[in-house]
Amino acid sequence: MDYDWSAADLAFRDEVRGFLDAKLTPELRRAGRLATSVYPDHEASMEWQRILHERGWAAPHWPVEHGGCGWSLTQHYIFSRESTLAGAPTLSPMGIRMVAPAIIAFGTPEQKAFYLPRILTGEIFFCQGYSEPEAGSDLASLSMAAVDDGDEFVCTGSKIWTTHATEANWIFCLVRTSRTGKKQQGITFLLIDMATPGIEIRPLVMTSGEQVQNQVFFDNVRVPKSNVLGRVDDGWTVAKYLLVHERGGAAAPMLQVMGQELAEAAARQPGQDGNPLIDDPSFAMRLADARIRTDVLEVLEYRTISAMAQGKDPGPASSMLKILATELSQQLTELALDAAGPIGRVYQPHATAPGGPIAEFAPPAGDYHSGADWQAVAPLRYFNDRAGSIYAGSNEIQRNILAKAALGL
């Protein structure tokens with residue numbers, strides 16, 4: 001990444017800052033700064049998407065003809081970093097960042113015309129139906145059946161760890177349409193309206209106490225064949241394409257801001273000896289290691305994004321980036337929990353902006369909480385971030401992919 005920005009880049013940075021200053025309300029900034037995971041408060045996220053869409057910035061990475069911005073890599077970096085610094089809530093990745101690129105690549109003209117504009121406006125909000133109770137990182141073992149019945153598929157089975165299923169009105173699913181050949185064959189990528197009869201959602205309580213994940217049950221759910229994305233029995237091709245976008249992206253700007261804010265907090269927070277925590281050699285070394293590795297991640301991310309922008313296949317790079325980004329995030333949230341001290345051991349979700357309802361919790365009178373807001377957020381982020389090395393294909397699976405694709409083992 002070239003930090004010697006041009007006059008045009010600096011002008012764009014000032015334009016982004018002016019936009020954020022004008023449009024980010026205190027409520028939206030709070031939702032962004034106090035988010036407990038990669039999934040912020042749903043209402044705040046959708047309001048911010050509406051504001052971005054009005055400006056034409058909701059999906060800057062999409063092709064321009066579908067609503068993208070045609071930005072340079074530097075502009076993408078500037079927008080991401082400035083948004084994080086300003087405390088903007090993130091947008092749900094399921095629609096804009098994940099299924100939309102797959103629709104652009106594999107969809108029919110009718111599918112593109114129907115879904116893409118509605119994803120941008122938020123009229124359609126997708127969740128993801130990949131994992132099953134017996135098929136997680138080994139996704140090709142999925143068994144949810146889709147039986148051919150004329151112009152429809154009849155779907156029966158369940159999906160698990162479905163984020164924001166209670167908020168979504170559509171779900172993209174991998175379903176089993178054939179059981180012959182290799183397990184990767186016979187899988188179809190299907191777009192399903194969540195209002196279809198036969199769908200039941202059961203919330204799951206996370207270790208943070210939030211109800212963000214769900215299990216979704218399908219009982220003879222009838223789906224038109226026109227909702228197939230790509231070809232019947234070839235959904236694995238679509239899924240692999242989508243996973244590049246799920247595992248890829250630019251995580252470095254967010255992680256760099258996390259490291260910077262943690263360093264500033266540690267300069268104010270007393271350590272065990274009463275001196276600023278940042279002066280503790282062990283803590284300072286761990287933080288410096290994370291921040292240096294984050295800078296390295298940035299270079300690797302933008303090499304990959306540059307290759308993709310030229311139409312090149314990133315290959316196993318997305319697996320490498322997924323490993324590095326999630327493990328660095330875990331390292332930083334662990335450091336934040338250490339920095340929070342004893343107050344970080346207190347359960348205070350009412351002082352945060354969780355991504356879903358909090359199960360069986362009644363806030364104290366007057367919404368009192370101990371310590372600073374970031375100390376209340378630290379334990380919830382720590383718990384939620386443990387999932388980072390599991391979702392989107394566990395990091396063990398990603399290392400196997402690298403061993404085969406990059407090392408030939």
Side-chain angles (χ1 to χ4, degrees), residues 27-28 30-48 89-95 125-136 157-171 173 194-195 199-219 326 329-330 333-334 336-337 340-392 394:
E27 293 77 15
L28 290 174
R30 182 184 185 277
R33 293 195 181 281
L34 301 184
T36 58
S37 73
V38 295
Y39 298 101
D41 173 80
H42 177 68
E43 295 302 324
S45 179
M46 295 309 295
E47 173 62 12
W48 185 232
T90 57
L91 304 186
S92 172
M94 302 301 180
F125 184 80
F126 270 99
C127 59
Q128 181 187 43
Y130 271 20
S131 294
E132 298 180 3
E134 300 299 327
S158 75
K159 298 294 180 177
I160 200 166
W161 311 123
T162 307
T163 302
H164 284 165
T166 52
E167 288 79 15
N169 51 13
W170 282 80
I171 182 171
C173 279
M194 292 288 279
I199 296 178
E200 179 188 358
I201 303 171
R202 298 180 190 174
L204 303 172
V205 180
M206 303 162 66
T207 53
S208 64
E210 297 166 76
Q211 295 179 348
V212 178
Q213 310 293 329
N214 304 270
Q215 185 167 7
V216 183
F217 294 86
F218 299 81
D219 184 10
T326 54
S329 184
Q330 289 177 343
T333 53
E334 182 176 337
L337 184 61
I343 292 176
R345 276 59 175 173
V346 182
Y347 186 57
Q348 305 182 98
H350 59 289
T352 72
I358 300 294
E360 300 179 0
F361 177 81
D367 281 343
Y368 171 82
H369 69 275
S370 298
D373 289 342
W374 70 269
Q375 291 174 294
V377 172
L380 275 68
R381 283 186 180 170
Y382 172 83
F383 282 126
N384 287 331
D385 223 34
R386 299 313 99 188
S389 51
I390 301 173
Y391 61 60
S394 73

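Partners of F383 under the ring-ring contact (aromatic ring centres under 6.0 Å, His included) rule, at least two apart in sequence or in another chain, do not exist in this structure.
A heavy-atom distance below 4.5 Å is not found between the side chains of T90 and V38. No side-chain heavy atom of C127 sits under 4.5 Å from any side-chain heavy atom of K159. Residues L204 and I160 form a side-chain contact, since some pair of their non-hydrogen atoms from C-beta on lies under 4.5 Å apart. Residues Y39 and E210 have side chains not in contact (no heavy-atom distance under 4.5 Å, counting atoms from C-beta outward).
A donor-acceptor contact closer than 3.5 angstrom is absent between the side chains of R381 and S329.
If you take CD1 on I358 and OG on S208, they are separated by 6.0 Å, rounding to the nearest 0.5 Å. Residue Q128 holds its CD atom at 11.5 Å from OH of Y391, rounded to the nearest 0.5 Å.
Counting non-hydrogen atoms of neighbouring residues, nucleotides and ligands closer than 6.0 angstrom, the CH2 atom of W374 exceeds 12 such neighbours. Around atom CD of E134, no more than 12 heavy atoms belonging to other residues, nucleotides or ligands sit under 6.0 Å away.
Side-chain atoms of Q211 never come within 3.5 Å of backbone atoms of P357 as a donor-acceptor pair (strictly under, hydrogens ignored). Although no hydrogens or angles enter the test, the distance criterion places a donor-acceptor pair under 3.5 Å between the side chain of Q375 and the main chain of A340. In this structure, R386 contributes its side chain and Q330 its backbone to a donor-acceptor pair below 3.5 Å.
Under the side-chain hydrogen bond (donor to acceptor under 3.5 Å, both in side chains) criterion, the residue pairs touching residues 349-373 are H369-D373, with sequence neighbours excluded.
Among F218, F125, F126, the one residue that satisfies the side-chain contact (heavy atoms from CB on, under 4.5 Å) test with I171 is F218.
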